[in-house]
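Working notes for the structure below.
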Amino acid sequence: MKYVIALDQGTTSSRAVLIDESGNLIDIKQKEFSQIFPNRGWVEHDPLEILSSQIKVFEDLLSSNSIDPKSIISLGITNQRETTVLWDKDTGKPLYNAIVWQDKRTANICEKIKKDGLEEYIKENTGLVVDSYFSATKIKWIIDNVDGVRDKINKNKVLAGTIDSWLIYNLTSFKCHFTDFTNASRTMVFNIKSLKWDSKILSYLDIPTSILPNVLPSSSNFGTFNYKGCNIPINGVAGDQQSALFGQACFEDGMVKNTYGTGCFLLMNTGKKMNLSQNGLLTTIACSTTKSINYALEGSVFIAGAAIQWLRDSLKIIKSASETEEIANSILELEDIYVVPAFAGLGAPYWDMYSRGAIFGLTRDTGKDHIVKATLESLAYQTKDIIEVMEKDANLKLQSLKVDGGACNNNYLMQFQSDILNSDVLRPEIIESTAMGAGYLAGIYSSLWDKNKIISNQKINKIFKPNIDSKKRKRLYLGWNKAVNRTLNWIEK
Ligand code: ADP
């Protein structure tokens, strides 16, 4: 038997997934690593701990399944996006911790970029809004603030990259400095039209192109991992959300997946069309197996599963996330209570950092279960908000929604999502779409399978069909819109 292993390097844990030659998921290993918070709003990871945890799960997977490394014919990598590392080209030592996507320390650099009038150029050429979330200002911060980095750059001794590049460089014994189009498209220094590093933005930020990796299609030869004498080619690389889109076989224009995790991430494949959103969505590059790339529109909900964690950890009205399903089902009618979890402001399509969370429609008989149910429904309403603008931006109508991520296990939520969208919601048997995407990309390059095989491998666990009338759907959604509007512009600017 031949195997592919996908390394899934996430924000809080590193995972390794074993996939057999037929594309079946055989086993998963997972290891958490440290989150470092040196200052308010700062979030870092130790790149060496990321690397060692990733190798540990890889080895655990081999040993607990008695796999001979010779039978691993390809390796895929998917990763937390935007998180940035700079390291010494010769020693491979990180020059600073990885600055994580959540880190806000570079907000002032972003303000300056806007003041200097580059916002429009950046949107048109990178598909992104100017934000500290993306890699560009993180690279700049390390160069400008860490002793000796600028000097080393002048001596041509520094390399930079997102987590995929960091892993590739180390796994290939410092031989290969690569990234893929999907990861590059999240840096805010990659031109998604010319498919090259953008010299105008780089020179404005004073970042030399020479420290950046070569960019390849997601299914490519990224080098070889020499493990105990076996040469394992690295043939699939993609940022986590694009990897999930690929893992769900969303290969055609208009196909959408939504990942229900801590936040929600919606991506729509828009094919060869590079749509620039009028409504605050991002334009990004989807996985490609050839040089001819596809684009995607992306919208995210900041607080999704995190609202369920809030019920559990702050309000303490549930013990586990999964019990929300039974609670929601136990309440027969609920049309007037809305929880808007705008704990940190609202993202697309509202983009109001001054909005705050609120509960609407409380009456004397409202109990905690009503609040649980309304909180669960807020995930579906926020998803609908994004799909509405995605359809407008892409000028396409959603046919069905493919789902994954922890909270898609909730049957009540999925049925409500289908009801409120008036579309089918398709839940796959394997909801590990992120890791599967990277594994599929690797296997395609190694000629283990092709896209048709991936499509035929998509086993549906359940299709949720809309089951409410349009009058009710309209009334429910109007109530949500009214609730959201009342949270806008809440705190003082
Ligand atoms: P992440 O990758 O962002 O850590 P996961 O995909 O593991 O997230 O999903 C975990 C999130 O989903 C948590 O925020 C949790 O509260 C929520 N969640 C998990 N299971 C359920 C469930 N059955 N119903 C509702 N929410 C759930």
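Just so you know, these numbers come straight off a predicted model, no measurement behind them. In each ligand, atom 1 is the first atom listed, and ligand 1 is the first ligand listed.
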Out of T262, N409, D404, who is nearest to atom 4 (O) of ligand 1 when you count heavy atoms only?
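Going through T262, N409, D404 one by one, T262 has the nearest heavy atom to atom 4 (O) of ligand 1.
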Run the salt-bridge test on K384 and E388 with the 4.0 Å N-O cut-off and return the result as yes or no.
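Salt bridge: yes.
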Do the charged groups of K56 and D60 touch, with an N to O distance under 4.0 Å?
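D60 and K56: salt-bridged.
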Near [X] [atom1], under 6.0 Å, is it more than 12 heavy atoms from other residues, nucleotides or ligands?
X: W351; atom1: CH2; result: yes
X: E326; atom1: CD; result: no
X: K31; atom1: NZ; result: no
X: K482; atom1: NZ; result: no

Element-labelled atoms of ligand 1 that are located less than 4.0 Å from some non-hydrogen atom of [X]:
X: A306; answer: 14 (O)
X: T324; answer: 24 (N), 25 (C)
X: G405; answer: 6 (O)
X: I308; answer: 16 (O), 26 (N)

Run E298 and R186 through side chain to side chain contact (heavy atoms under 4.5 Å, CB included) and show every step you take.
CA-CA 11 Å; E298 173 170 331; R186 314 298 297 182; 3.1 Å; yes
Starting from [atom], which protein heavy atom do you reach first, and at what distance in Å?
atom: atom 24 (N) of ligand 1; result: N410 ND2, 3.0 Å
atom: atom 22 (C) of ligand 1; result: A321 O, 3.8 Å
atom: atom 26 (N) of ligand 1; result: A407 CB, 3.5 Å
atom: atom 23 (N) of ligand 1; result: S322 CA, 3.5 Å
atom: atom 14 (O) of ligand 1; result: Q309 NE2, 2.8 Å
atom: atom 5 (P) of ligand 1; result: G406 N, 3.7 Å
atom: atom 8 (O) of ligand 1; result: G261 CA, 3.5 Å

Is there a nitrogen or oxygen of G263 sitting under 3.5 Å from a nitrogen or oxygen of ligand 1?
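No; the residue has no nitrogen or oxygen that sits under 3.5 Å from a nitrogen or oxygen of the ligand.
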Is there at least one pair of N or O atoms, one from G305 and one from ligand 1, spaced under 3.5 Å apart?
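Yes, since at least one N or O of G305 sits under 3.5 Å from an N or O of ligand 1.
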Quick one: do N410 and I308 satisfy side chain to side chain contact (heavy atoms under 4.5 Å, CB included)? Show the steps, please.
CA-CA 12 Å; N410 191 306; I308 308 297; over 6 Å; no
Under a 4.5 Å cut-off applied to non-hydrogen side-chain atoms, are Q54 and I163 in contact?
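No; the side chains remain at least 4.5 Å from each other.
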Within 45 degrees of the ring normal and closer than 6.0 Å to the centroid, is that where the cationic atom of R105 sits relative to W42?
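Verdict for W42: a cation-pi partner in R105.
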Using a 4.0 Å heavy-atom cut-off, say whether L413 meets ligand 1 through its side chain, its backbone, both or neither.
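No part of L413 is near ligand 1 at this cut-off.
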Under 4.0 Å, heavy-atom basis, I'd like to know which part of A304 is in contact with ligand 1: side chain, backbone, both or neither.
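No part of A304 is near ligand 1 at this cut-off.
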Take the angle between the ring planes of F181 and F190 and call it parallel below 30°, perpendicular above 60°, tilted in between.
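F181 and F190: tilted rings.
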Per-atom contact, atom 2 (O) of ligand 1, protein heavy atoms, under 4.0 angstrom:
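No, there is no protein heavy atom closer to it than 4.0 Å.
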